[in-house]
**Student:** 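Before I ask anything, here is the structure I am working with.
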There are 2 protein chains.
Amino acid sequence: MNQPRVQEKEATSRRIILDCAARLFRTEGYAATSLRRIAAASNMKSGSLYYHFASKEEIITEVLNMGVQRVHDEVWRSTAELPPDADSHTLVRTAVRAHLAALHELGDYSSANVRIYGQVPEHVRNAHKPIRIAYEDLWIALLGRCVSQGSLRGDVSRRFISTFMLGAMNASLEWGTPESGRLQQMADDMAELFLRGIMTSNQ
Amino acid sequence: MNQPRVQEKEATSRRIILDCAARLFRTEGYAATSLRRIAAASNMKSGSLYYHFASKEEIITEVLNMGVQRVHDEVWRSTAELPPDADSHTLVRTAVRAHLAALHELGDYSSANVRIYGQVPEHVRNAHKPIRIAYEDLWIALLGRCVSQGSLRGDVSRRFISTFMLGAMNASLEWGTPESGRLQQMADDMAELFLRGIMTSNQ
DNA sequence: GCTCCTGCCTATCAAGTGTTAGGTTGTTTG
DNA sequence: CAAACAACCTAACACTTGATAGGCAGGAGC
């Protein structure tokens, strides 16, 4: 039962390949991951990959794009659900939670993206860039909501702050993946550091 | 004049190789950088590398180690020069400046380290780990000086804070290398965000 | 029943990989 | 001058890489 219709086979195979590729790219790096290993992990032979993808670069491009897209959607959804007058602290904490949860739980795509973006052929990186920029703009817009409440400091540019925050959050991938209970705690701690800094508040 | 003595030749050649390797590892990634390209950049043939190094892994190991060591020394020196009773803000700002300056100016070694640490063979990574930990411990010690002044917040662990800060600073490598005037400004902005957070202080 | 198409496999290609063995300089040492 | 050594090169090794061309099973559509 529920035997996949033949027309759907390509879509599922394609997805299996991308899943395996994302996992391998994440753990091994881009150049170190061969098409043969991706194929083996997908229960295929290397030549068969070319039925679904034109080249290795097409695979990595798709993996990169999906990685940002998922996180983008998750952060956008969670913050859009907040009431329009939600205060800045809630806004930031919600966005940080969503970003970290998506990064750590929603799969190898986002992790692979963070790790191998810098080691991918240049034109692949350029093709992927707009999606990255769109996500950064989402964060700048979030910070804009804080500005309109008069709660964001004005002496540092919003672009600097967003890059700063994304960098700090993405670096958390290097500590390993915590269980989801701890992850929530980690997200809240990080949001606290973002919001109030590392010092005691009376300093 | 000042012709290098023959006994010094090996040391300089070795250094040239490492310089080229660090630059290539940084820009191309670990697996994507072949010994032939390193050799060509060093004005050699690939076989000659084996006079100076036993393997590719020995090269990458040295590059990784030097990358952290330089930053470590620079941060240690600059903070050790401060008076013992220097306040926490000065301490953090000084360390952040030193870290970013070393990262961006002291060469491709530290940049290569940050970028390719996750993609080197596992036993290479394990062999390099102690040096990383030592540097992290230096930061934890710095934060300890803040604690003894009663100025570091107590609800988040020092290890978490140090990883947080190092991650945020290292991520700045991905924005490209600013000229050194702007870098100082960037370091001060980042230190400000660390110390007081992204919000206005009356919030 | 015949053809067509999907999805995969086999076999192979040229190019590039890390590594090694042995040779060739030119300088240093006895 | 001869032996020794340092520093490099040449040529090759076994292997892996991304990619291609052609084939083959089996369900779909007429």
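Chain naming here is simple, since letters A, B, ... match the order of the sequence lines and numbering starts at 1 in each.
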**Student:** In whole angstrom, what separates A:Glu57's CD from D:dA19's C1'?
**Tutor:** 12 Å
**Student:** Rounded to whole angstroms, how far apart are OH on B:Tyr51 and P on C:dT24?
**Tutor:** 19 Å
**Student:** Taking only N and O in the side chain of A:Ser34, is any of them less than 4.0 Å away from OP1 or OP2 of D:dT17?
**Tutor:** yes
**Student:** Please list, for nucleotides 10-15 of chain D, all pairs of protein and nucleotide N/O atoms separated by less than 3.5 Å.
**Tutor:**
| unit_1 | atom_1 | unit_2 | atom_2 | d |
| --- | --- | --- | --- | --- |
| D:dA12 | N6 | B:Arg36 | NH2 | 3.4 |

**Student:** Is it true that B:Asn126 and B:Glu122 share a donor-acceptor pair across their side chains at a distance under 3.5 Å?
**Tutor:** no
**Student:** Should the pair A:Glu81-A:Arg77 be classified as a salt bridge under the 4.0 Å nitrogen-to-oxygen rule?
**Tutor:** yes
**Student:** Quickly work out the A:Tyr50 OH to D:dG18 P distance and round it to whole Å.
**Tutor:** 7 Å
**Student:** Would you mind reading off the distance between B:Glu58 atom CD and C:dT20 atom C1', rounded to a whole angstrom?
**Tutor:** 16 Å
**Student:** Would you indicate what A:Thr33 reaches in the nucleic acid, counting non-hydrogen atoms under 4.0 angstrom: base, sugar-phosphate, or nothing?
**Tutor:** sugar-phosphate
**Student:** Is the B:His99 to B:Tyr135 ring centre distance short of 6.0 Å?
**Tutor:** yes
**Student:** Ignoring backbone atoms, establish whether A:His52 has a side-chain N or O less than 4.0 Å from OP1 or OP2 of C:dC8.
**Tutor:** yes
**Student:** Decide whether B:Asn65 and B:Tyr109 meet the rule of one side-chain donor and one side-chain acceptor closer than 3.5 Å.
**Tutor:** no
**Student:** Would you tell me whether A:Thr33 and A:Glu28 have side-chain atoms, one donor and one acceptor, within less than 3.5 Å of each other?
**Tutor:** no
**Student:** If I take atom CG in residue B:Asn43 and atom C1' in nucleotide D:dC9, what distance separates them, rounded to the nearest angstrom?
**Tutor:** 14 Å
**Student:** Measure NZ/B:Lys56 against C1'/D:dT16 and give the value in whole Å, please.
**Tutor:** 13 Å
**Student:** Test salt bridge (charged side-chain N to carboxylate O under 4.0 Å, His left out) on B:Arg115 and B:Asp108; report intermediate values, then the result.
**Tutor:** CA-CA 10 Å; B:Arg115 287 200 177 164; B:Asp108 299 306; over 6 Å; no
**Student:** So if I take every side-chain heavy atom of A:Leu35 and compare against D:dC8, C:dG18, D:dA19, which nucleotide ends up nearest?
**Tutor:** D:dA19
**Student:** D:dT17 P sits how many Å from A:Arg37 CZ, rounded?
**Tutor:** 9 Å
**Student:** Just the rounded figure in Å: distance from P of C:dC8 to CG of A:Leu49.
**Tutor:** 10 Å
**Student:** May I ask you to verify if any side-chain N or O of B:Ser13 is less than 4.0 angstrom from the OP1 or OP2 atom of D:dC8?
**Tutor:** yes
**Student:** Are the side chain of B:Arg37 and the backbone of B:Leu24 linked by a donor-acceptor contact shorter than 3.5 Å?
**Tutor:** no
